[in-house]
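Atoms within a ligand are numbered from 1 in the order they appear, just like the ligands themselves.
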Amino acid sequence: MTQVFNFSAGPAVLPKEVLQQAASEMLDWQGSGMSVMEMSHRGPEFISIYRQAEADLRELLAVPANYRILFMQGGGLGQNAIIPMNLLGRVREPAVIDFVHTGSWSGKSVKEAARYAQVNVAASSQAGGFTSVPAQASWQLTEGAAYLHVCTNETIDGVEYNFVPQPPAGVPLVADMSSHILSRQIDVSQYGVIFAGAQKNIGPAGLTLVIVREDLLEHALPICPSAFNWKNVAEHESMFNTPPTYAIYIAGLVFAHLKAQGGVAAMEARNIEKARLLYEALDRDDFYANRVDESCRSRMNIPFYLRDESLNEAFLAGAKARGLLQLKGHKSVGGMRASIYNAMPIEGVQALVDYLNEFAGR
Ligand SMILES: *Cc1c(COP(=O)(O)O)cnc(C)c1O
């Protein structure tokens with residue numbers, strides 16, 4: 001097999017060791033005679049896989065005891081509707097939800113939430129082309145809001161928070177961490193809800209993680225579907241209905257792999273180094289440009305443009321010939337994008353840097 005480095009934004013690269021283990025266990029999981037895909041989600045084998053995955057994730061993120069971890073379906077976009085349906089019962093009508101609009105994903109969240117409540121965009125970086133996170137001092141937050149929603153890493157725009165937002169007292173902070181969960185250390189206790197689609201930095205598509213403080217399980221609207229009611233899901237250990245069993249199994253292998261690599265602190269140190277290498281190559285002269293404010297450049301998703309965009313196709317073809325895959329930028333913004341999640345080895349970033357230099361004729 002040819003060596004490639006996959007820079008896809010998602011579904012994205014997984015650790016080779018995890019895929020190898022999954023391959024070796026594909027037909028017969030640990031002497032059970034069954035593939036994980038063939039097991040009852042209520043049988044002892046799968047329950048042990050589930051509990052280990054949950055415990056390992058709790059350890060990796062130091063999730064406090066008063067938080068529940070839910071393994072759900074419906075993706076990040078599903079949560080955009082599931083969150084209001086679970087939290088709007090906290091406040092009297094007319095409910096207001098605060099948002100900070102920092103790019104494509106928080107924009108989608110605003111649009112979906114507007115179907116359920118009044119939304120207040122407390123701050124937006126749209127006028128600047130989504131190249132920064134507005135300073136918190138400028139946010140027009142609502143006292144008594146149902147919650148404050150932020151996207152702490154904008155996957156398309158390449159903008160990452162370097163601070164933890166502070167909502168007014170009693171207003172829970174909800175964070176979409178789909179594309180940088182487990183890439184850096186976080187203090188879970190500062191958040192009411194953290195959610196993440198798995199297909200960026202965790203595992204296969206089809207699994208959505210939700211980490212929710214226990215007191216926030218009590219406020220679902222009557223219209224909330226039972227399968228998406230967090231309290232119901234928590235009470236059934238994510239097995240109110242059939243969970244995405246194989247995706248949970250792979251996520252569990254990723255969690256065990258991260259622990260063996262030294263956990264989130266070790267990943268963060270590697271991610272800082274990987275991002276430094278890549279930004280340094282992009283910044284060296286004006287052949288390439290990343291337009292994001294230096295204070296909030298993402299460590300995970302690095303969009304960039306060629307000064308001469310007529311070279312885009314040649315750039316991508318040359319990259320592909322060297323095994324550097326899926327570097328084309330999102331269609332909404334054009335250009336290029338390198339996603340360098342946990343599973344991207346530093347050798348992959350170095351190979352991309354070498355190619356950037358070669359293509360620029362340096
Ligand atoms: C990918 C992504 C989503 C959407 O996830 P789906 O699983 O496709 O619904 C939401 N938010 C962020 C930040 C993402 O990167």
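- Side chains of Ser109 and Asn80: a donor-acceptor N/O pair is present below 3.5 angstrom, by distance only.
- Side chains of Gln326 and Asn6: a donor-acceptor N/O pair is present below 3.5 angstrom, by distance only.
- Listed here is the closest heavy atom pair of Val233 and Ala227: CG2-O, 3.4 Å.
- Of the N and O atoms on the side chains of Ser183 and Asn342, not one donor lies less than 3.5 Å from an acceptor on the other residue.
- You'll find the ring centres of His149 and Phe99 inside the 6.0 Å limit.
- Ordered by chain and residue number, the residues placing a heavy atom less than 4.0 Å from ligand 1 are Gly75, Gly76, Leu77, Trp105, Cys151, Asn153, Thr155, Asp176, Ser178, Ser179, Gln199, Lys200.
- For Phe315 and Tyr355, the ring centers sit closer than 6.0 Å to each other.
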